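Everything below concerns the one structure shown next.
Chain A is the first sequence line, chain B the second, and so forth, proteins listed ahead of strands; every chain is numbered from 1. None of the values given here were measured: they were computed from a predicted structure.
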2 protein chains.
Amino acid sequence: MRSKIFVSAQEVAEKAGVSRSAVSRTFTQGASVSAETRERVLRAAEELGYHVNHLARGLMRNESGIVCLIASEVATPYRSALLRELTLQLQNAGKIAMFINTDRSDGSVDRALQQAIRYRADASIILSGLPDKSITELCLRNGQRLVLINRDEDQPGPLRINLDDDEVGGRVLTAFARAGCRRLAFANSEAGTPSLMGRERAFVAAAHGLGMDVIVKRHGWTGYEAGRVLAHRLLTAKERPDAVFCATDLLACGFMDAARHQFGLSIPDELCIVGFDDIEQASWSSYELTTFAQPVAEIASRAIEWLSRFGPKDGKGEVQSIRLKAELIWRKSVRAKK
Amino acid sequence: MRSKIFVSAQEVAEKAGVSRSAVSRTFTQGASVSAETRERVLRAAEELGYHVNHLARGLMRNESGIVCLIASEVATPYRSALLRELTLQLQNAGKIAMFINTDRSDGSVDRALQQAIRYRADASIILSGLPDKSITELCLRNGQRLVLINRDEDQPGPLRINLDDDEVGGRVLTAFARAGCRRLAFANSEAGTPSLMGRERAFVAAAHGLGMDVIVKRHGWTGYEAGRVLAHRLLTAKERPDAVFCATDLLACGFMDAARHQFGLSIPDELCIVGFDDIEQASWSSYELTTFAQPVAEIASRAIEWLSRFGPKDGKGEVQSIRLKAELIWRKSVRAKK
DNA sequence: AAATCTCTTGCACGCACGTGCAACAACCGG
DNA sequence: CCGGTTGTTGCACGTGCGTGCAAGAGATTT
């Protein structure tokens, strides 16, 4: 219990010589107050340094204005870009972002959602990890809306936003084929995230469709270091690949660095590489990586548009799954022709 | 006003056959409840899916448990690393992070702080931008604690955490001197942030102390692209520098890329570079940048330790300013000797 | 002038919670 | 058997706010 207290509507009312209701009404959109009392209230509020208590307001309205963002690996370029966009657009929509980091200790998504419920968040957006079905139901039952980004398990209830993997697989394959590449590889992490596995499956399937085979290697956590290790694994093989699709730009950067500095390979002449995410580093002149850009702004806007839509909570007939396209950004890590 | 309603303590009480006070007490640390009623309440709560409403609890206790993080350029490697650490440690301290992004539109720090006040955040941590003195006072008067990171203006009241610039300037200079560099430069952005300007001043001062001069160039926003531009400006001069201290690792990466790929310079043989922040990319093998690591974890822990300390708000006799040391990480962008 | 309408205002209640106070039961020592 | 102690429980009030309801003040119509 803290000692000092915020200034309340009561004090403003007394100072302005009106009732507390009048104060409440001046700060409520669309309430009926005369211009004069409104003016007096605003002046008194200004002088006292009054600010509406959103905790109490949320209590009354049963709507806190809080949206909870649940994510791990926040310091990663892609994640931080998505978070940036989400927070920005949330603010524009008049909501405020509460943030929960689920690094270290797993099962923590459930704990995160519990926190969200405790603070009566209107909605939660989950960027990584996946809640138990029981928790999901709890959220929905409490009127919480849920958005899952790039996590296409078949959870009923929440909105799912993800990217079209099949199209990606096909486009990478035709790019490699046009470059005259023969020995294809896919470099992945062991994270096993649906989006990563989806890209892998799509690429392999596309290759099989053209009668080609793909060497798939997975290692470690989805970062630069894993990319280097994967390069060592793949480039020391007898049948060295001449085209690698990396599940992530971070993997691709590590892969490229190892390929060039340790193996002395020239990219794209001897080795073609495609990444995914279009992180800022992909455009740096040490990489100039051909990659897929996630439509980050659109992901954010679709998510927020959905969760601020005011409909029946069980959402029969509502859209529950959105599939977006990733845009291929041509740079210089894939050659045009052999 | 939303239609459906959360489960309230009242309902739990009815289901468990006790009074609402009993429910409240089972969920309050250190309250007096018998083991039996506690058990019954917990079971009823579990079955109904009850969660304490932290909005209402915050209302009563005058302590919301919310800490507001105010920052811009969140997708930047250094910022996102700091945010990661802060959110993680806040959670460990039993608090929750509310996040406000101050990109686009300035004066937005004030608006951010207003939001923090509206949600009755116990404290705010400001990573960039600077609030008006009036707002600062408002916060303190309302019992909000304030932490400014790397923003050493002489605001009274908030805790200020920043790094020892003088030591940094001196160490870079001796490193360059030992490498036999003659023509020094400092590459900075036009942001004019206190921390950036502090490094600049310290480096220039250290050079003057040894009777050397420094070419200072500033350009644009603190990012990769600005680093490239600065490289062009500095490396096309008649007297081309052979040692550059970049205010930021991002600037340094851009600078290195331009120096190598556009000017064909070899680093560190023909050009020595030092950066600041020790972002992840600094360790990538395309850069291997010698740089200063900010003690991110310590910054976060000191901030949180301070703001969860429970003392008189006006804080006479309390520490209000913390000065930490940045650690020099030796990699390969500065040669050992000529 | 009377009747009707519109606009504003205050009262009182409710939202979900914490907590001081008194009542009460149980237990113990005398 | 009684007074005192300890531990638990419910009542009632307070936290800051929104809002339905009815009363009041003007303004307009008949």
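- Taking the side chain of Val18(B) as heavy atoms from C-beta on, and the options dG10(C), dG10(D), dC15(C), the nearest nucleotide is dG10(D).
- As judged by a 4.0 angstrom heavy-atom cut-off over every strand, His54(B) is placed among residues making no nucleic acid contact.
- Mapping Glu36(A) and Ala56(B) onto DNA chain C by nearest heavy atom places Glu36(A) closer to the 5' end of the strand.
- Residue Arg57(B) has a polar side-chain atom (N or O) positioned under 4.0 Å from OP1 or OP2 of dG18(C).
- Ion pair Arg302(B)/Glu298(B) flagged as a salt bridge, since at least one NZ, NE, NH1 or NH2 atom sits closer than 4.0 Å to an Asp/Glu carboxylate oxygen.
- We find that CZ of Arg38(A) is positioned 15 Å from C1' of dT9(C), with the value rounded to whole Å.
- Under 4.0 angstrom from either OP1 or OP2 of dT9(C) there lies no side-chain N or O belonging to Ser19(A).
- Atom CZ in Phe27(B) sits roughly 10 Å away from atom P in dG18(C) (whole-Å rounding).
- Between the side chains of Arg111(B) and Gln114(B), not a single donor N or O lies within less than 3.5 Å of an accepting N or O.
- At distances below 3.5 Å, at least one donor-acceptor pair connects side-chain atoms of Ser128(B) with backbone N or O atoms of Ser72(B).
- In this structure, Asn142(B) places its CG atom 12 Å from P of dG16(D), rounding to the nearest Å.
- The separation between Asn53(B) atom CG and dA16(C) atom P is 8 Å, rounded to whole Å.
- One finds no side-chain N or O of Ser32(A) lying less than 4.0 angstrom from the OP1 or OP2 phosphate oxygen of dC7(C).
- In the interface, the side chain of Arg20(A) is paired with the base of dG18(D) through a donor and an acceptor atom under 3.5 Å apart.
- Distances shown here put every side-chain N or O of Ser34(B) at or beyond 4.0 Å from the OP1 or OP2 atom of dG7(D).
- Within 4.0 Å (heavy atoms only), Ser8(A) reaches sugar-phosphate atoms of the nucleic acid but no base atom.
- Between the side chain of Arg120(B) and the backbone N or O of Ile66(B) there is no donor-acceptor pair closer than 3.5 Å.
- Nearest-nucleotide mapping onto DNA chain D: of Thr37(B) and Leu59(A), the residue sitting toward the 5' end is Thr37(B).
- A sub-4.0 Å separation between OP1 or OP2 of dA16(C) and a side-chain N or O of Tyr119(A) is absent.
- Rounded to an integer number of Å, the gap from Glu63(A) CD to dC17(D) C1' is 15 Å.
- Applying the side chain to side chain donor-acceptor pair (under 3.5 Å) rule to pairs touching residues 15-31 of chain B yields Lys15(B)-Glu47(B), sequence neighbours excluded.
- Asn150(B) and Ser195(B) form no side-chain donor-acceptor contact under 3.5 Å, judged by distance and modelled atom types alone.
- Checked against Ile125(A) for a side chain to side chain contact (heavy atoms under 4.5 Å, CB included), the options Leu146(A), Leu83(A), Val147(A), Ile299(A) give a single hit: Val147(A).
- Within the nucleic acid shown, Val23(B) has no heavy atom closer than 4.0 Å to any nucleic acid atom.
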Write out a two-atom table: protein N or O, nucleotide N or O from nucleotides 20-27 of chain C, distance below 3.5 Å.
unit_1: dG20(C); atom_1: O6; unit_2: Arg25(B); atom_2: NH2; d: 2.7

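- Using a 4.0 Å heavy-atom distance criterion, Val52(A) is classed as a sugar-phosphate-only contact.
- Taking the ring centroids of Tyr50(A) and Phe6(A), they lie at or beyond the 6.0 Å cut-off.
- Direction change of the helix axis from one end of the helix from dA1(C)-dT30(D) to dG30(C)-dC1(D) to the other is 40°, with five pairs defining each end axis (rounded to 10°).
- Nucleic acid contact class of Thr28(A) (heavy atoms, under 4.0 Å, all strands): sugar-phosphate only.
- When atom types are taken as modelled, the side chain of Glu85(A) and the backbone of Ala300(A) share no donor-acceptor pair closer than 3.5 angstrom.
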Kindly determine whether Arg84(A) and Asp103(B) satisfy salt bridge (charged side-chain N to carboxylate O under 4.0 Å, His left out), including the steps that lead there. CA-CA 9 Å; Arg84(A) 190 187 102 96; Asp103(B) 286 344; 2.5 Å; yes
